[in-house]
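Step one of this worksheet: look at the structure below.
We number each residue from 1, following the sequence as shown. Below, each value reflects all heavy atoms present in this structure, side chains not excepted, and no hydrogens, waters or symmetry copies.
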Amino acid sequence: EVQLVESGGGSVQAGGSLTLSCTTSGFTFEHAAIGWFRQAPGKEREGLACISVGTWYTWYADSVKGRFTIASVNANNTVYLQMNSLKPDDTAVYYCAAVPQFVAFITWSRAEEYDYWGQGTQVTVAS
């Protein structure tokens with residue numbers, strides 16, 4: 001059974017940092033691509049970053065490039081999202097998603113490209 005479990009969300013002041021974790025199981029981690037998305041109330045789900053675990057190739061949305069960093073640790077089947085210089089507009093529920101047998105994306109930031117999702121973790125940035 002494929003499982004993705006997010007953790008690390010919480011409340012932070014603007015300018016602060018958080019690190020989210022996505023711990024995975026049920027598939028071969030090194031074959032996967034893992035992405036991070038977020039969804040704020042009344043807004044569409046937004047792709048933020050993605051990593052191809054086997055090649056370490058990464059993709060980033062312009063809205064977070066230079067502020068967020070995605071990384072994977074094969075030893076514990078976990079993907080991290082380091083978030084710096086947080087803004088109130090970053091407030092949302094953050095999700096990780098997986099493509100267990102990754103070959104290529106058409107568009108990495110489209111939610112439809114991913115097969116499995118975590119339950120989400122809330123991030124709130126106060127001004």
Side-chain angles (χ1 to χ4, degrees):
E1 179 188 7
V2 173
Q3 288 190 321
L4 293 87
V5 179
E6 301 98 336
S7 60
S11 298
V12 65
Q13 293 291 316
S17 299
L18 281 174
T19 300
L20 305 183
S21 302
C22 174
T23 301
T24 72
S25 61
F27 58 90
T28 303
F29 188 65
E30 292 78 5
H31 295 172
I34 309 292
W36 281 99
F37 289 74
R38 68 185 177 192
Q39 189 163 19
K43 294 188 177 181
E44 292 188 356
R45 192 164 294 194
E46 177 189 12
L48 304 174
C50 182
I51 186 166
S52 168
V53 177
T55 65
W56 293 352
Y57 190 86
T58 57
W59 297 260
Y60 290 95
D62 289 343
S63 60
V64 303
K65 199 174 294 183
R67 297 192 299 129
F68 291 9
T69 302
I70 191 169
S72 63
V73 176
N74 290 17
N76 57 14
N77 291 353
T78 299
V79 171
Y80 300 92
L81 186 69
Q82 172 69 41
M83 307 187 294
N84 298 326
S85 303
L86 285 164
K87 309 172 184 178
D89 284 350
D90 293 318
T91 295
V93 178
Y94 284 67
Y95 301 89
C96 63
V99 182
Q101 293 292 329
F102 175 67
V103 176
F105 288 120
I106 297 174
T107 306
W108 71 267
S109 57
R110 288 178 69 246
E112 293 80 2
E113 299 266 3
Y114 296 79
D115 302 308
Y116 298 94
W117 292 80
Q119 80 289 349
T121 186
Q122 176 71 44
V123 172
T124 302
V125 183
S127 57

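Taking every heavy atom of both residues into account, Val12 and Gly16 meet most closely at CG2-CA, 3.8 Å. Residues Ser17 and Asn84 approach most closely at OG-OD1, 2.9 Å, considering heavy atoms. Minimum interatomic distance between Gln122 and Ala92 (heavy atoms only, all atoms of both residues): NE2-O, 3.4 Å. Ala14 approaches Pro88 most closely through the heavy-atom pair CB-CD, 4.1 Å.
When atom types are taken as modelled, the side chain of Thr121 and the backbone of Gly9 share a donor-acceptor pair closer than 3.5 angstrom. Checked by atom type and distance alone, the side chain of Ser21 never pairs as donor or acceptor with a backbone atom of Ser7 at under 3.5 Å. A distance-only check finds a donor-acceptor pair linking the side chain of Glu6 to the backbone of Gln119 [under 3.5 Å]. Panel note: side chain Gln3, backbone Gly26; no donor-acceptor pair is recorded below 3.5 Å.
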Margin query: Could you walk me through whether Tyr114 and Trp108 satisfy the side chain to side chain contact (heavy atoms under 4.5 Å, CB included) test, starting with their C-alpha distance in whole Å, then the side-chain angles of each, then the deciding distance to 0.1 Å, before giving a yes or no?
Written below: CA-CA 9 Å; Tyr114 296 79; Trp108 71 267; 4.0 Å; yes
Next item on the list: Please lay out, stage by stage, how Arg45 and Trp117 fare under the test side chain to side chain contact (heavy atoms under 4.5 Å, CB included).
Entry: CA-CA 12 Å; Arg45 192 164 294 194; Trp117 292 80; 3.3 Å; yes
Next item on the list: Dump the intermediate steps for side chain to side chain contact (heavy atoms under 4.5 Å, CB included) on Asn74 and Ser72, then the final yes or no.
Entry: CA-CA 6 Å; Asn74 290 17; Ser72 63; 3.9 Å; yes
Item checked: Residue pair Tyr116, Phe27: steps toward the ring pair (Phe, Tyr, Trp, His ring centres under 6.0 Å) verdict -> CA-CA 11 Å; Tyr116 298 94; Phe27 58 90; 7.3 Å; no
Margin query: Using side chain to side chain contact (heavy atoms under 4.5 Å, CB included), reason through Thr23 and Asn76 one step at a time and then give a plain yes or no.
Written below: CA-CA 8 Å; Thr23 301; Asn76 57 14; over 6 Å; no
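The distance from atom CZ of Phe68 to atom CG of Leu48, rounded to the nearest 0.5 Å, is 6.5 Å. In this structure, the separation between CG on Asp90 and OG on Ser85 is 9.5 Å, given to the nearest 0.5 Å. Rounded to the nearest 0.5 angstrom, Gln13 CD and Ser127 OG are separated by 8.0 Å. Rounding to the nearest 0.5 Å gives a distance of 11.5 Å between CG of Asp115 and CZ of Phe102. Distance CD1/Ile51 to CD1/Ile34: 9.0 Å, rounded to 0.5 Å. Between atom SG of residue Cys50 and atom CG of residue Leu81 there is a gap of 11.5 Å, rounded to the nearest 0.5 Å.
Within 6.0 Å of CD on Glu112 lie more than 12 heavy atoms contributed by other residues, nucleotides or ligands.
Applying the ring pair (Phe, Tyr, Trp, His ring centres under 6.0 Å) criterion to Tyr95, with sequence neighbours excluded, gives no partner residue. Every residue meeting the ring pair (Phe, Tyr, Trp, His ring centres under 6.0 Å) condition with Tyr57, not counting sequence neighbours, appears here in chain and number order: Trp59.
When side chains are defined from C-beta on, Thr78 does not count as touching Phe29, because their heavy atoms never get closer than 4.5 Å.
Under the 4.5 Å side-chain contact rule for hydrophobic residues, Phe37 and Leu4 do not share a cluster. Placement of Tyr94 and Val125 within a single hydrophobic cluster is found when ILVMFWY residues are connected by side-chain heavy-atom separations under 4.5 Å, directly or transitively. Linking ILVMFWY side-chain heavy atoms closer than 4.5 Å, directly or via other members, places Val79 and Val2 in a single hydrophobic cluster.
Cluster partners of Tyr80, using a side-chain heavy-atom cutoff of under 4.5 Å among ILVMFWY residues and allowing indirect links, are Val73.
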